[in-house]
Amino acid sequence: MSASSPFIAPVALHTPSHSGVGDLLSYACDRPLPPGTLVRVPLGNREVLGVVWDSDAATGELPDGATLRAIGGVLEGVAPLDLPWRRLVAFTARYYQRALGEVALAALPPQLRDLKPEQLARRLRRPALAADDSGNAIENIALTAEQESARAQIASNPGPFLLFGSTGSGKTEVYLRCVQEMLEANPTAQALVMVPEINLTPQLEERFVSRFAPRFGAGAVVSLHSGMTNPQRLKSWLAAHSGTARIVLGTRMAVFASLPGLKLIVVDEEHDPSYKQQEGARYSARDLAIWRGREQGAKVLLGSATPSLESWHASRPPTPEDPEGGRYLRLHMPSRIGAGALARVRRVDMSQQPRRAVFSAPLLQAITERVARGEQSMVLLNRRGYAPVLHCVDCGWKSDCPHCSAHQVFHKTDRTLRCHHCGYTVRVPFHCPTCGSPDIHPMGKGTEQLEEQLGTLLREVLRPDRTPARIARIDADTTKAKGALEAQLAQVHSGEVDVLVGTQMIAKGHDFRRITLVAAVQPDGALFSSDFRAAERLFALLMQAAGRAGRDAAYMAAQAVHGTQPEMWVQSFHPQHAVFEALRRHDYEAFAAQQLKEREEAAMPPFAYQALVRADARTQEAAQGFLQAATAAAHAAELPGLEAVTLFPPVPLTIQRVANVERAQMLMESPSRAALQRFLAAWQPILQTTRQSREHKGLIRWLVDVDPLTI
């Protein structure tokens, strides 16, 4: 470092935690740079984006002979990322056991990493869409008594809040009103509104823009999600960072949006597993929203008709045995807008139906009647493709993936066998590859097969205009093309579809006005899963699906002359199971009480805290060997927190081989979150050292998953 560059800047870069580089690298600069400044710096033979970080040593003397590389450039025109944002990133990295720079740089728009300072300067010179105060008054919808009560509670309490509202109770209107009051009370305030999936953002954006653009300007509402192009994401991020955008709508990644005026965070459908990142830093956006709200002085509002058991437990009211209660304030909205009835749940015992029947006779009759009256039905099966597997009747061959311990799924529309784990695809063989028999058949059912069978079963059924019934399918296969999902949803909304078949993506959040019947045809798989959260996920999915029926009270009133009632049909070989009993009564509270009792007795979350370490290797022995060696080293070192942490033996994952990589995992559990965190922090260097030893050269990668959702 020369005399002309007397300052040292500590910079966070995108380096993985196991690279050994460390959290911060030092660079020379000719002036002190405030923490949060975005800079371009040399790293090896590349120039990369970095963030100047907090440090007690902004200047100092280097050892004799030592030099520092100089910062390549400062991204002028972009204000430094503020302290609350940097604290959020630092907490995320620490809690989820990742490198600081890895989290910080992943939280920034990808295009920022590629733009040089002069390129960014040119972009910033372009006229931006201003969020001018247009001043038009907002025409508010009158709130129901339940909505008004919730709004008043949110206005007068610090939170966090759990808005427990049944499907169709008007939770979104409460969000809109809370955002409005906050923006009007504070001219610099900003709100963050999150939804679990990209396909839910367009309809939400439409409602927010129509409500707030006339009052606060066309640029007041922006979106942030991975379905946007890189230039779009950068534009939205800059608008939020500068304060021009007053409202940011987004998926889980939006929890890291730079919002210097943040005063309110809304997490809609807070129970949804999509809020948990499954790659890289495996953070929970819902949990980070709670942490960020507390740190930044922003109110946090979680909303769901079927809250996660963690949030339900955290919002428990005080009792004599538990005088403090939970940390959240629970708000209840049990009634549907317009006094519309919740769907009546009808269960069909499939053991009493003909063998191999996909649709029971009473369900098929109910769908037929609705088509004839011009009403819509929705059929839910959480498995895409035509059939999960092909098999040979003569020799027993199955369409196994050669690269994974899973079957290739039969897709009839393009006559392919496709692995949904590694993507390996082949044409469907005309004969059995093992014995040559032509007698190969599909086993099991997928959404393609349901669509085909309904087309056959309903081919004689006519709509009120005497045209044939129309069947449509929405799943990951039909929505690959850009704009495909929006076009298909528009057909449903316009009444061009009589029966909609799909996976769970059609059960969440969509406001279908003419659907009067919803059917779950094969939900039994989750009832006896080894995953202790399977029943919770199934109940939430079915409750959400049931909420798609009968949402429009005016439409239902008009159809009532035909005797129409909203219905949820469940076909099961175990119709008396506790999950379906609670569903029949729409009794989430009883279901949650029973599940929490079981979890408390078994010392499982939310009464305990968990983490997983996963190892990927060329062989299962190598993967488990690494985990065993790291465990032995942890015991030998007597790491802090270990006395309160249970380390379970390594086991293969349920699907243990994917893309020719063997996968193993080991579970850690503790009644103390702090003890588990102390242990994980102390174990990190041991894991890295174990990884580098010669006997574990067969290891490909390892990762830590804190608060895992899937075990």
Side-chain angles (χ1 to χ4, degrees), residues 350-351 353-359 379-457 473 475-478 480 501-504 521-531 534 571-574 616-624 651-665 700 710:
M350 292 304 287
S351 65
Q353 297 296 313
R355 193 164 175 263
R356 300 183 188 276
V358 180
F359 295 96
V379 178
L380 179 69
L381 176 64
N382 212 19
R383 185 185 294 130
R384 60 191 172 100
Y386 189 85
V389 61
L390 282 184
H391 87 296
C392 173
V393 173
D394 291 343
C395 74
W397 168 86
K398 290 186 177 65
S399 56
D400 293 332
C401 175
H403 309 296
C404 307
S405 49
H407 299 306
Q408 285 186 284
V409 176
F410 172 39
H411 288 258
K412 190 174 182 179
T413 51
D414 57 3
R415 300 291 299 172
T416 61
L417 292 173
R418 243 183 276 163
C419 178
H420 290 175
H421 299 280
C422 73
Y424 180 71
T425 303
V426 294
R427 301 292 297 173
V428 173
F430 291 103
H431 303 90
C432 172
T434 301
C435 72
S437 168
D439 204 7
I440 51 177
H441 295 285
M443 290 175 66
K445 306 286 186 278
T447 48
E448 272 185 38
Q449 191 171 162
L450 258 60
E451 179 188 26
E452 180 184 275
Q453 290 197 1
L454 277 171
T456 301
L457 293 167
R473 171 168 56 92
D475 56 28
D477 295 320
T478 68
K480 286 178 182 174
V501 177
T503 54
Q504 64 178 4
V521 293
Q522 287 185 340
D524 287 357
L527 297 178
F528 307 103
S529 169
S530 58
D531 186 344
Q571 296 189 156
S572 171
F573 287 95
H574 309 277
D616 294 354
R618 290 299 172 198
T619 67
Q620 187 64 215
E621 293 74 23
Q624 293 196 33
V651 294
L653 267 72
T654 306
I655 299 175
Q656 70 178 57
R657 189 175 84 258
V658 169
N660 295 320
V661 173
E662 292 283 338
R663 311 184 304 166
Q665 67 183 14
I700 297 171
T710 306

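Only this structure's heavy atoms are used, side chains among them; waters, hydrogens and symmetry mates stay out. One-based numbering along the sequence shown.
Atoms CE and NE2, on M350 and H574 in that order, are 12.0 Å from each other to the nearest 0.5 Å.
Considering every non-hydrogen atom in both L417 and P429, the closest pair reads CD1-CD, 3.9 Å. The two residues Q408 and P402 have their closest heavy-atom pair at OE1-CD, 4.3 Å. The two residues D524 and S572 come nearest to each other via the heavy atoms OD1-OG, 2.6 Å. Closest approach of F359 to V521, counting heavy atoms only: CE2-CG1, 3.9 Å. Residues A534 and A526 come closest through the heavy atom pair CB-O, 3.4 Å. When all heavy atoms of C422 and C401 are compared, the closest pair comes out as SG-SG, 3.7 Å.
Side-chain contact, D439 with S437: no donor N or O sits under 3.5 Å from an acceptor N or O.
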Steps toward side-chain contact (heavy atoms from CB on, under 4.5 Å) verdict (E662, Q656): CA-CA 6 Å; E662 292 283 338; Q656 70 178 57; 3.2 Å; yes
side-chain contact (heavy atoms from CB on, under 4.5 Å) between V661 and R618, intermediate numbers included: CA-CA 5 Å; V661 173; R618 290 299 172 198; 3.8 Å; yes
Worked check of side-chain contact (heavy atoms from CB on, under 4.5 Å) between W397 and S399: CA-CA 7 Å; W397 168 86; S399 56; 3.9 Å; yes
Intermediate values then yes/no, side-chain contact (heavy atoms from CB on, under 4.5 Å), E451 and T413: CA-CA 11 Å; E451 179 188 26; T413 51; 5.7 Å; no
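The number of heavy-atom neighbours closer than 6.0 Å to CZ of F430, taken from other residues, nucleotides and ligands shown, is 12 or below.
In terms of the salt bridge (charged side-chain N to carboxylate O under 4.0 Å, His left out) criterion, residue partners of D531 (sequence neighbours excluded) are, by chain and number, R537. Checked against ring pair (Phe, Tyr, Trp, His ring centres under 6.0 Å), H407 has no partners two or more places apart in sequence or in another chain. Partners of F573 under the ring pair (Phe, Tyr, Trp, His ring centres under 6.0 Å) rule, at least two apart in sequence or in another chain, do not exist in this structure. Take H420 and apply the ring pair (Phe, Tyr, Trp, His ring centres under 6.0 Å) test, not counting sequence neighbours, and it matches H411.
Counting heavy atoms from C-beta outward, R418 and F410 have side chains that stay 4.5 Å or more apart.
With T503 contributing its side chain and D475 its backbone, the two residues share no donor-acceptor pair below 3.5 Å. With hydrogens and angles ignored, the 3.5 Å screen pairs a side-chain donor or acceptor of Q571 with a backbone N or O of V358.
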For residues 379-391, which side-chain donor-acceptor pairs fall under 3.5 Å, sequence neighbours excluded?
residue : atom : partner : partner atom : Å
N382    : OD1  : Q504    : N            : 3.1
R383    : NH1  : K445    : O            : 3.1
R384    : NH1  : D477    : OD1          : 2.7
Y386    : OH   : E452    : OE2          : 2.6
H391    : ND1  : H441    : O            : 3.3

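Pairs engaging residues 424-436 under the side chain to side chain donor-acceptor pair (under 3.5 Å) rule: none recorded [sequence neighbours left out].
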